[in-house]
Amino acid sequence: MFPKDFLFGASMAGFQVEMGYGKDDVDPNTDWFVWVREPENLFTGTVSGHLPEYGVGYWKNYANLHQLAVDFGMNCLRVNVEWSRIFPKPTFDVPVHVVSENGIREVKIDKTSLEKLDEIANKSAVEHYREIFKDMKSRGLRLILNLAHFTLPIWIHDPMAVHRGIPTEKTGWVNEKTVVEFAKFAAYVAWKFDDLVDMYTTMNEPNVVSQMGYIMTRGGFPPSYFSPEMYLKSLFNQAQAHARAYDAIKFLTEKPVGIIYASSIYETLNGDKEIEENAMYMMNYMFLDSIINGSLLFQDRPDMREKVDFLGVNYYTRTVIERIEPMNFGQIALNWKILEGYGYACPPGGFSKDFRPVSDFGWETYPEGLLKLLRAFYERYKLPLMVTENGVADCRDWLRPYHLVGHLYAVEKAIEDGIDVRGYLHWSIVDNYEWARGYTMRFGLAETDYETKQLTPRPSMYIFREIVKEGTTARFHNYLKSPYEIWRM
Ligand SMILES: OC[C@@H]1[C@@H](O)[C@H](O)[C@@H](O)c2[nH]c(CCc3ccccc3)c[n+]21
């Protein structure tokens, strides 16, 4: 059984759902907005050619989407405010008190600084976000407010300059100055929205921003510039930015502040524990340890300790790896590689090498991995956990019923095993703009008609509602066995 006060809902991101009518709801001031229409990226096929301004239109149709959530049993939504909407112009000139020897140790934002930020903020954007959040609350939905979800203001990040190796100050998270500006943004958001917020998260998947930006540079993420040094620098500046944002928000409110991490369970086919632990450390614990235990790589950072009230776990599938001769990339020594045919590396719409069904995106259905991951994170950190993303690209809703029951069952078993999971937020409630893949991937429990903006529940959304109503997956366990035999634990 799920606890009575369990949070059932969905996650969304501003850039992926807000725009829809191609005019007064458009925010042109982000790195992603530039990136997805850049001729070089279109010519090389780096991006889909689809544009976010013709998407869901949440900026205008938010009431419809909120009511859909309520109608299908949801009691919580996670969304973010777009930094570039709140501050379309640079905030560098707003004075704050910074302590920065060997890292950004403290950023103090007082009332005077907040009032100076208020002078340059886009007040109509602040007001419109307040309308959206007030509507959400008026329908009984809790709000988890996230701050950064992949996009950065163009005055922080010039993705094409970095992509082409042209010297620029606007290097996004690689530039330590971004840490200070992010803390200002966090303080301002808490100051302006706290009365409407239930829980905060500072950022979504800092590891993906760094990995897809500077290592997996064929994935279509800005700036697609291979650099292990920039990978590490951007990763740890995001860790610092989280810690400084945590402090800035906590200076103004007692509400919980967490972070959302792209989490995968790393497995070998031959039970090579050393390699599995090595990968789990590198890909999960190294970053999280830095903001929970204050251990930033090999230096002690007490100013970054205990900066996580709860951990948002985004889980989609596992990553199967095997040992290789160590490869050295600067400070990074890699002695494992990802195996094709499992996890994220499967044939779209087919089956994995383990005969598990695969999504339209080529991601293997592996619900046991969520249970293993929740166990591993809880054992290491003993922090409240929340599944902040889980879902499947499945335009026909053939796989989603099984995928949904399997993963909700994994959460239910984790809770029965005494793991403190507070909620499950599906990715996502409606189809939306899938970054470099545009509208080609459909993750919605409800289908989005991008012409009419009509939102139509898919069959699996009715299953979601039944499971919430009954407080357990029990009635749907036949979905675990056939026709996809997805659960073998
Ligand atoms: O791909 C589905 C969703 C995105 O739409 C969300 O914005 C993002 O938070 C998110 N993260 C993941 C898992 C990690 C990942 C990110 C990007 C590309 C491939 C895998 C999947 N998703």
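Read the numbers this way: they start at 1 and go in the same order the structure lists the ligands and their atoms.
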Evaluate the criterion side chain to side chain contact (heavy atoms under 4.5 Å, CB included) for residue pair Leu445 and Ser460; output intermediate values, then yes/no.
CA-CA 6 Å; Leu445 283 168; Ser460 44; 4.1 Å; yes

Test salt bridge (Lys or Arg N to Asp or Glu O under 4.0 Å) applied to Glu276 and Lys372, step by step
CA-CA 13 Å; Glu276 289 175 7; Lys372 287 174 82 171; over 6 Å; no

Cation-pi, Tyr439 ring and Arg442 (6.0 angstrom, 45 degrees)
no

Heteroatom proximity flag, Asn204 to ligand 1, N/O under 3.5 Å
yes

Quick one: does ligand 1 sit under 4.0 Å from the side chain of Met441, the backbone, both or neither, non-hydrogen atoms only?
neither

Judged on heavy-atom distance to atom 3 (C) of ligand 1, which of Phe443, Tyr316, Tyr344 sits nearest?
Tyr316

Would His149 count as a contact residue for ligand 1, given that I'm defining contact as a non-hydrogen atom of the residue lying under 4.0 Å from a ligand atom?
yes

Are any of the side-chain nitrogens in Lys60 or Asp24 under 4.0 Å away from the carboxylate oxygens of its partner?
no

The option among Phe221, Tyr315, Trp435 carrying the non-hydrogen atom nearest to atom 17 (C) of ligand 1 is Phe221

At what distance is the nearest protein heavy atom to atom 19 (C) of ligand 1, and which residue and atom is it?
Trp363 CZ2, 3.6 Å

Within 45 degrees of the ring normal and closer than 6.0 Å to the centroid, is that where the cationic atom of Lys453 sits relative to Tyr21?
yes

For atom 10 (C) of ligand 1, what's the nearest protein heavy atom and its distance?
Glu389 OE1, 3.1 Å

What residue and heavy atom of the protein are closest to atom 4 (C) of ligand 1, and at what distance?
Glu434 OE1, 3.6 Å

Between Phe185 and Phe87, how do the two ring planes meet: parallel, tilted or perpendicular, split at 30° and 60°?
perpendicular

